[in-house]
*Asks:* 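Below are the structure tokens for one structure; questions will follow.
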Amino acid sequence: MTGGLDLVGPTLPSPRSAKQKMMFITLAGILAVVGTLAGGYYFAMRPVTLRIAVGPTNSDDIKVVQALTQAFSHSHGQVRLHPTQTDGAAASAQALAEGKADLAIIRGDLDVPKNAQAVATLRKNVAVLWVPPAAKGKGKKGGSKITKIAQLAGHRIGVIGRTPANVNLLKVILQQYGVDPNKVDIVQFPAGESADAIRNQKADAYLAAGPVNSKITADAIAASTRDGGTPTFLAIDSAEAIAQNHPMYESAEIPAGAFGGSPGRPDDEVKTISFTHHIVARKGLSEATVAAFTRQLFAIRQAVMAEFPLAAKIETPDTDKDAVIPVHPGAAAYVDGEEKTFLDRYSDFIWWGLMGLSAMGSAGAWFAGYLKKDERSNNSSLRERLLDMLGAARRSDSTEELDQMQTEADDILRDTLQCFEHGAIEEGALTAFNIALEQFHNAVADRKALLMSLPQNLQRANVALRASGTL
């Protein structure tokens, strides 16, 4: 009889549960990393809506931007457009300068905001100066007497369009030829009223600025044709000099017959100056976003041309370092074929993120181990106590003493299992403890069996001798 003592001792639970727990923790960590990367990818690749300032109402620029907005929406690309209508190119530039727009359509011959960087060339406009033929019965008073720009002094010049930029353009041309702008009478006509003004001879000469194939310019020139006479086009022979003095302008030529008619108008090539309408972006706008916009713009240009032919004039920006408007790095990357992929842009972040997670994991493990230091130390002292009890059990002469040690061993077992569940001790330490515990139980069982086999009087004698210190 062993007094109800289990000879083998309580069976320790398998470490499988702890392994499963660690596997779940590891899996949770991996899923967290994957989720973080997936979230970062979605955040980086989600559609971005850019505000684009453009004006004035019913202008070609408005029509082009509206066509682009629809095309961008249908293409389901990374960039969407939200047009913000302004009073004109100057107002659009101001909106960009104030941060009220991400993109803007501006004229290159106006003040360019300091935070503007070129993304694309929307179109090139040419300056057209002409003099209507003299009306019958007017004699020498007709405007056809004017054949050169220098002869415009003292005359009335009509400017097509309400924008002050066209008046400034006229003044630049006049000053190049020594004509004082204060000695000419400049009057502006809205584009829709220009044909009537020309028919009613409201001015002696006219200036229009727009694409070579501009319908507004062609209609105004057609209105100048009367009584079989054709308008006289004034060549800007000093176009190259103007371009040297004013870098926003370029020397250009108007092809013969550009404005239709029979015979063609003009009947020969005419030298002039041109300026550019640009699509510009804020300097601080993301390089990746601008690159995506530029890529989408040139990808859908052909589709937009079918609806709005002026889209054919869209060109890549000037990427030279001495360009009048510096190119945005995102647009330059697209033009030069150096656009970065997702991994190119975010590989450093991903790498450092993984390194950071690894470092955080190591720090967390160290901190968790540090917090369990006292628990491990306490359990180590309890294991030492178990080994001491092993020796004491082999010398004990009292079953009551053995039962007390058995109860204490059960408490040590409970503490050890809790430490293992908390991760304070590892599987190897638990195995060593199991061996010591098994040896203790065997020692208790053997000692109890020996004591039970001795006569009662001998047991009492042994206890007395041990108590007196004889044994």
Side-chain angles (χ1 to χ4, degrees), residues 51-65 83-129 157-176 181 186-191 207-212 214 216-217 236 239 241-252 272-283 285 310 313-315 317-318 320 322-328 331:
R51 301 163 298 169
I52 180 168
V54 58
T57 305
N58 297 324
S59 64
D60 289 339
D61 292 345
I62 284 280
K63 295 175 183 177
V64 170
V65 169
T84 300
Q85 190 166 310
T86 65
D87 294 333
S92 298
Q94 185 65 24
L96 187 81
E98 295 175 354
K100 296 178 180 179
D102 304 304
L103 304 170
I105 307 298
I106 67 171
R107 282 179 58 151
D109 60 338
L110 294 178
D111 291 337
V112 177
K114 294 181 179 179
N115 66 335
Q117 293 183 317
V119 174
T121 297
L122 185 61
R123 69 172 186 273
K124 289 188 176 181
N125 294 340
V126 295
V128 184
L129 264 172
I157 303 175
V159 176
I160 309 301
R162 285 294 190 183
T163 174
N166 286 349
V167 175
N168 293 335
L169 172 62
L170 174 61
K171 291 180 178 179
V172 168
I173 297 172
L174 293 176
Q175 289 171 347
Q176 178 64 35
I186 300 175
V187 58
Q188 288 184 269
F189 303 109
L207 169 77
V212 172
S214 170
I216 294 175
T217 304
I236 306 177
I242 294 176
Q244 287 289 332
N245 296 328
H246 305 275
M248 70 284 296
Y249 297 114
E250 296 179 2
S251 175
T272 186
I273 59 174
S274 67
F275 60 91
T276 304
H277 275 225
H278 300 275
I279 302 177
V280 295
R282 282 190 297 106
K283 186 175 182 179
L285 198 59
L310 275 179
K313 302 296 183 180
I314 299 176
E315 299 176 356
D318 184 359
D320 292 341
D322 58 351
V324 176
I325 302 179
V327 66
H328 193 285

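Keep in mind the model is a prediction, meaning the values are calculated, not measured.
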*Asks:* Would a distance-only check, ignoring hydrogens and angles, find a side-chain to backbone donor-acceptor pair under 3.5 Å from Asp318 to Asp320?
*Replies:* yes
*Asks:* Could you list the residues that satisfy salt bridge (charged side-chain N to carboxylate O under 4.0 Å, His left out) with Lys100, not counting sequence neighbours?
*Replies:* Glu98
*Asks:* Any non-hydrogen side-chain atom of Asp61 less than 4.5 Å from a side-chain atom of Arg123?
*Replies:* yes
*Asks:* Would you say the side-chain atoms of His328 pair up with the backbone N or O of Leu285, donor to acceptor, closer than 3.5 Å?
*Replies:* yes
*Asks:* Below 30° counts as parallel, above 60° as perpendicular, anything between as tilted: where do the rings of His246 and Tyr249 land?
*Replies:* perpendicular
*Asks:* What I'd like to find out is whether the side chain of His278 reaches to under 4.5 Å of the side chain of Thr121, using heavy atoms alone.
*Replies:* yes
*Asks:* Do you know which two heavy atoms are closest between Ala209 and Leu169, and how far apart they sit?
*Replies:* CB-CD2, 4.0 Å
*Asks:* So does Phe275 get a backbone contact from the side chain of Asn125, meaning a donor-acceptor N/O pair under 3.5 Å?
*Replies:* no
*Asks:* I need the minimum non-hydrogen distance between Lys63 and Asn58, along with the two atoms involved.
*Replies:* CE-O, 3.8 Å
*Asks:* Within the supplied structure, the quantity of interest is the number of heavy atoms (other residues, nucleotides, ligands) at a distance under 6.0 Å from Gln244 CD; does it exceed 12?
*Replies:* no
*Asks:* Working to the nearest 0.5 Å, report the span between OG1 of Thr272 and CD1 of Ile236.
*Replies:* 3.5 Å
*Asks:* Is it the case that atom CG in Asp111 sees more than 12 heavy atoms from other parts of the structure closer than 6.0 Å?
*Replies:* no
*Asks:* Identify, with sequence neighbours excluded, every residue that meets salt bridge (charged side-chain N to carboxylate O under 4.0 Å, His left out) alongside Lys124.
*Replies:* Glu250
*Asks:* Can you tell me if Gln117 uses its side chain to pair, donor with acceptor, with the backbone of Pro326 under 3.5 Å?
*Replies:* no
*Asks:* I'd like to check the side chain to side chain contact (heavy atoms under 4.5 Å, CB included) partners of Asn115; sequence neighbours left out, ordered by chain and number.
*Replies:* Leu96, Ala97, Pro113, Arg282, Lys283
*Asks:* Give a yes or no answer on whether the side chain of Asn166 reaches the backbone of Arg162 with a donor-acceptor pair at less than 3.5 Å.
*Replies:* no
*Asks:* Which atom pair, heavy atoms only, marks the closest approach of Ile62 to Pro56?
*Replies:* CG1-O, 3.1 Å
*Asks:* Mind checking what makes side chain to side chain contact (heavy atoms under 4.5 Å, CB included) contact with Thr217, not counting sequence neighbours?
*Replies:* Val128, Ala208, Ser214, Ile221, Phe259
*Asks:* According to salt bridge (charged side-chain N to carboxylate O under 4.0 Å, His left out), who are the partners of Asp109, at least two apart in sequence or on a separate chain?
*Replies:* Arg107
*Asks:* Between Gln176 and Asn245, is the side chain to side chain contact (heavy atoms under 4.5 Å, CB included) condition met? List the steps.
*Replies:* CA-CA 9 Å; Gln176 178 64 35; Asn245 296 328; 3.6 Å; yes
*Asks:* Applying side chain to side chain contact (heavy atoms under 4.5 Å, CB included) to Val112 and Val324, what does each step give before you reach the verdict?
*Replies:* CA-CA 9 Å; Val112 177; Val324 176; 5.6 Å; no
*Asks:* For Ala191, which residues count as a side chain to side chain contact (heavy atoms under 4.5 Å, CB included) partner, sequence neighbours excluded?
*Replies:* Ile216
*Asks:* Check Val167, Leu174, Leu170 against Leu207 for a side-chain contact (heavy atoms from CB on, under 4.5 Å) and give me the one that passes.
*Replies:* Leu170
*Asks:* Less than 4.5 Å apart, side chain to side chain, heavy atoms only: is that true for Ile105 and Ile279?
*Replies:* yes
*Asks:* With sequence neighbours excluded, what pairs up with Pro181 under the side chain to side chain contact (heavy atoms under 4.5 Å, CB included) test?
*Replies:* Lys171, Gln175
*Asks:* For Thr86, what residues pass the side-chain hydrogen bond (donor to acceptor under 3.5 Å, both in side chains) criterion, not counting sequence neighbours?
*Replies:* Ser92
*Asks:* What closest approach, in Å, do Ala104 and Ile52 show between heavy atoms, and which atom pair accounts for it?
*Replies:* N-CG1, 4.2 Å
